[in-house]
Amino acid sequence: MLEPKKIKFRRHHRGNRRGMASRGSHVAFGTYGLKAMEPGWVTARQIEASRIVISRVVRKVGKMWIRVFPDKPITAKPAETRMGKGKGSLDHWVAVVKPGRILFEVEGVDRSMAEEAFRNAGHKLPIKTKLVERRPM
């Protein structure tokens, strides 16, 4: 699964998820992309599950890009622990996704295959998504 090799701080604030994605909001590498339609946190496990589903379709004929990386640490305290005693330890990693962000891209497959791959990948994600095409330059 994806996680940073090295981090500056072990624990982060939650932050806010308001606003639209300013970067990574257009298809840059492939022909088709999977675009986020609502804000949320996508965990490293969800990214990996989506990657596996897409790679099943794209495996021999096309190429795939993952455009999000889980670099935000999420902490959790053990079950049945009293309040206080500081912030919990690292539990998992998430990628902060805002509406308009491209999550995955594929190239070398026809539209029907891309639709099938992205529909199945979208079921693995906690946010609404849609397929978008690269705009001609």
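The shown structure was predicted, so the numbers you read here are calculated from the model rather than taken from an experiment.
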Co-membership, hydrophobic cluster, residues V42 and W93, 4.5 Å side-chain:
no
Here the salt bridge (Lys or Arg N to Asp or Glu O under 4.0 Å) pairs for residues 104-129, sequence neighbours left out, are R67-E105, R111-E115, R111-E133
For this session: Evaluate the side chain to side chain contact (heavy atoms under 4.5 Å, CB included) criterion for residues M113 and V61: first the C-alpha distance (whole Å), next the side-chain angles of each, then the deciding distance (0.1 Å), finally the verdict.
Result: CA-CA 11 Å; M113 287 175 76; V61 291; 4.1 Å; yes
Review point. With a 4.5 Å limit on heavy-atom distance, are the side chains of R56 and N120 in contact?
Key: no
- Examine W65 and V27 and state if one hydrophobic cluster contains both, with Ile, Leu, Val, Met, Phe, Trp and Tyr joined whenever side-chain heavy atoms are less than 4.5 Å apart. no
Here the gap from K85 atom NZ to M83 atom CE, rounded to the nearest 0.5 Å, amounts to 11.0 Å
Residues A36 and T129: closest non-hydrogen pair is CA-CG2, 4.4 Å
d(I54 CD1, L103 CG) to nearest 0.5 Å is 8.5 Å
d(T75 OG1, R10 CZ) to nearest 0.5 Å is 11.5 Å
request  = Taking atom CZ of R51 as the centre, report whether more than 12 heavy atoms of other residues, nucleotides or ligands fall under 6.0 Å from it.
outcome  = yes
One should read off an interatomic distance between L125 CG and T43 OG1, to the nearest 0.5 angstrom, of 9.0 Å
- Would you check if the side chain of R134 reaches a backbone N or O of A28 as a donor-acceptor pair within less than 3.5 Å? yes
R14 side chain near W41 side chain, heavy-atom distance below 4.5 Å = yes
Nearest heavy-atom approach of A121 to V53 is N-CG1, 3.8 Å
In terms of heavy-atom contacts, S25 and S22 come closest through OG-O, 4.0 Å
For P70 and P4 the tightest heavy-atom approach is O-CD, 3.5 Å
Report whether V57 and L34 are members of the same hydrophobic cluster (ILVMFWY, side-chain heavy atoms less than 4.5 Å apart, transitive linking). yes
* Would a hydrophobic clustering, with Ile, Leu, Val, Met, Phe, Trp and Tyr connected at side-chain separations under 4.5 Å, put M64 with F118? -> yes
Contacts satisfying salt bridge (Lys or Arg N to Asp or Glu O under 4.0 Å) that involve residues 71-80 (not counting sequence neighbours) are none
Problem - Same apolar cluster: L131 and I127, side chain cutoff 4.5 Å - result: yes
d(F69 CZ, I47 CD1) to nearest 0.5 Å is 8.5 Å
Taken to the nearest 0.5 Å, the spacing of E48 CD from M1 CE works out to 7.5 Å
Do side-chain atoms of K98 reach the backbone of R18 as a donor and acceptor pair under 3.5 angstrom? yes
Next item on the list: Taking the side chain as every heavy atom from C-beta outward, state whether P126 and Q46 have any pair of such atoms under 4.5 Å apart.
Entry: yes
